[in-house]
Asks: 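This is the structure, below, for whatever I ask next.
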There are 2 protein chains.
Amino acid sequence: MRSCSDFNTKIRVLLIDDNYNHLMGIRELINLENDIDVVAAATNANIALNLIKKYQPDIVVMDMNMPEKDGLTAIQEIESLDSNVKVIALTAYDDADLIFRAMKVGAKSYILKTMASSQLMNAIREVMQGKICLPQGLTTGFFEYFQNSFKQKEKAQNAAGSLLADLTSREEEVLDLLTQGHNYKDVANILFISETTVKTHVNNIFQKLQVNDRTQAVLYALNNGFVSKRKQRTTTVA
Amino acid sequence: MRSCSDFNTKIRVLLIDDNYNHLMGIRELINLENDIDVVAAATNANIALNLIKKYQPDIVVMDMNMPEKDGLTAIQEIESLDSNVKVIALTAYDDADLIFRAMKVGAKSYILKTMASSQLMNAIREVMQGKICLPQGLTTGFFEYFQNSFKQKEKAQNAAGSLLADLTSREEEVLDLLTQGHNYKDVANILFISETTVKTHVNNIFQKLQVNDRTQAVLYALNNGFVSKRKQRTTTVA
DNA sequence: CTGTATCTAAACCTAAAGATTTAGATACAT
DNA sequence: ATGTATCTAAATCTTTAGGTTTAGATACAG
C-alpha cells in the first residue's frame, strides 16, 4: 500500500492507445504535471492487461478506438480483474451511445481528445479521489441517452401493453403466479381455489392477451412490463 | 409562443413544495434574480399539473418529498404532458436511489436543499438552455448507482447462468424457439426435425436446467440472460 | 331491481406436453 | 478401434393443458 501522506507520491497512470504517436504525445503532456506519472504505456489492450497486473497503476487512460480489442471489452476485462484500477475513457468521438456504454461497463470518466489537456488532468485527479465525473459538455448527451432508453421501454410497454389493462385483478394474480413458473395445480393451492377455476381464469387471460398457451401468456406479460397489483404496491415507495 | 429575442423575457418558473414556508422561501430567493420569475406556486402536485397547463412555465422546480402524490409520480405525469416543461428536482435527501430514479423519469437536474441557492439558480439557467446537469457533489453517487445496477445484473446472470452453459447448440436452438413462444410442433417444423426429437431435446433441457416444464425453462432462460448463439453474433457489434 | 361484471366451479372432451426406454447415425478424440 | 457426445426418432404411457358450456354467488351501477 502506498502512503497518501507521502508528498513524493504521484498518481500512477497507465496509458493505452493504439496510435504510438498519440501515446507519446499524451505521455509527454501528463509528465508535464508534477503530481502525475505515466508508469507504463501500451498500444494494445492485451499487453495492457498484463502491464496492469504488473504495475498496478492507480488509473488507466484508455483510447476507445482500437482495432484488435475494442475499448469497451477492454474496460470490462479490467473491471473483472477486481483490482482498484480506475479507467478513464479517451476518444475522438463525441458519441452519446459510446459514452453511455463506457460508463455502463465501469469507466470513471470520459474525455474527448479534442478537449483541452487540462480536462484530462482534472479528470485524473478527480477520479484518483474516488470520484466519477463527466465533463460538462458531455453530461447532457449522456442523460438524454439515459432518459431516452427508459422512454423507449415505456413506449413499447404502453403500445402493446394495452391488452394487459383488460385483465381483472384476479386474472392478474393468476398471471403473476404463471410468470413465476407455477402450474395450474400450484396456482389453485396458492389462491385457495379449484383447479378448474384456475383454468377458467387462464382461458380468459388467453383470450384477452390473444395468445394460445401458458408460455406465450408469460412471455407477453414479461415483454410488456406486466407488474401485478400486489407487486406494484410494494415497489412504489416514495 | 413567447419570443426569446425579447430582452424582457425572464425564465418562467413554477414551484411545487408541500411546505408552504419552504415554498415562499424559495420563491423569495428566486425572485431576487433578475432573469428568473416565479409565475406560479403550489403545495400540491395535482394542483401544480393544472397550473402547468395554464401557465406553461419554462421550468418546474419540484420538491420530491410530498405526502399525497410523491415527486417521482408527479415528474412522470408532467413528462407525459408532452409540453416542453423541464423539471428540476429539489430535495433534502442526498439519496443515490432517489437521484437515479428522478433522472430516470426525466428530471433535468437534481438539487439538494442544503446546497447554496446559487446552485439552484445555476441549474435553472443551465436547464433553460436545454442542458441536463447534476451538481458535482451528486455525480459520483449517481454513477456508482448506475454502474452497480448493471454489475448486479451481470452477477445474477453469471451465478445462475452456469446451467445454461451445459446446453448443446441444438438444445440452445430449441430453447431459443421456446422463448419465442413456439410449441413443439412449430419447433419441429422450423428445425426440420420430428416432434419426438424436439421432445427429446426439451427433456434434456429440463434436466440440465433443473426445471419441470416449458414455461419454467423459458423463464429460466430469460432470467439468466440466455442469448442463443445465432443472436449473439448479430448483437455483438463493436 | 335488474342488467352487467366478476369470481367461482363443475362436467366433458381433445390436444399437447412431459417421462421413459430404446436405438440408429455421425462425429470426434484417445 | 473404441468410447463418448450429439442428433436423430420411434413407441408408449401418464399427466397437464387447453376449449367449451353451463351455472351459482356476489357486487355494483343505472
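All values reported here derive from a predicted model rather than from experimental measurement. Chain letters run A, B, ... following the sequence lines, proteins first and then strands; every chain starts at 1.
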Asks: If I take atom NZ in residue B:Lys185 and atom C1' in nucleotide C:dA17, what distance separates them, rounded to the nearest angstrom?
Replies: 12 Å
Asks: B:Ile193 has a side chain; which of D:dT8, C:dA17, C:dC7 sits nearest to it?
Replies: D:dT8
Asks: Calculate, to the nearest 0.5 Å, the distance between atoms CD and CG belonging to B:Glu77 and B:Leu72 respectively.
Replies: 11.5 Å
Asks: Kindly state whether the ring of B:Phe143 and the ring of B:Phe100 have centres lying under 6.0 angstrom apart.
Replies: no
Asks: With a 6.0 Å cut-off on ring centres, are A:Phe142 and B:Phe146 close enough?
Replies: yes
Asks: Measuring to OP1 and OP2 of C:dC7, would you say a side-chain N or O of A:Ser169 lies under 4.0 angstrom away?
Replies: yes
Asks: From D:dT8, D:dT16, C:dA17, pick the nucleotide closest to the side chain of B:His201?
Replies: D:dT8
Asks: Counting any heavy atom closer than 4.0 Å, what does A:Thr197 reach on the DNA or RNA strands: base, sugar-phosphate only, or nothing?
Replies: base
Asks: Looking at A:Thr196, I'd like to know whether one of its side-chain N or O atoms comes within less than 4.0 Å of OP1 or OP2 on C:dA11.
Replies: no
Asks: Between A:Asn183 and B:Glu195, just flag the one whose closest nucleotide in DNA chain D comes earlier from the 5' side.
Replies: B:Glu195
Asks: Can you check the A:Asp213 CG to C:dA17 P distance for me, whole Å?
Replies: 7 Å
Asks: Polar atoms only, N or O, under 3.5 Å: list the protein pairs with nucleotides 19-29 of chain D and their distances.
Replies:
{"residue": "D:dG19", "atom": "OP2", "partner": "A:Asn203", "partner atom": "OD1", "Å": "2.8"}

Asks: Just checking A:Thr168: base, sugar-phosphate only, or nothing, at a heavy-atom cut-off of under 4.0 Å?
Replies: sugar-phosphate
Asks: Regarding B:Asn203 and B:Thr200, do their side chains bring together a donor and an acceptor under 3.5 Å, going by distance alone?
Replies: no
Asks: Roughly, in whole Å, what's the span from NE2 in B:His182 to P in C:dA17?
Replies: 13 Å
Asks: Which of these, A:Leu175, A:Leu219, A:Asp166, sits in a side chain to side chain contact (heavy atoms under 4.5 Å, CB included) with A:Leu209?
Replies: A:Leu175
Asks: Are A:Tyr145 and A:Phe150 close enough that their ring centres sit under 6.0 Å apart?
Replies: no
Asks: Find the distance B:Glu173:CD to D:dT6:P and express it as a whole number of Å.
Replies: 14 Å
Asks: Take A:Arg214 and A:Lys208, find for each the nucleotide of DNA chain C with the closest heavy atom, and name the residue whose nucleotide sits nearer the 5' end.
Replies: A:Lys208
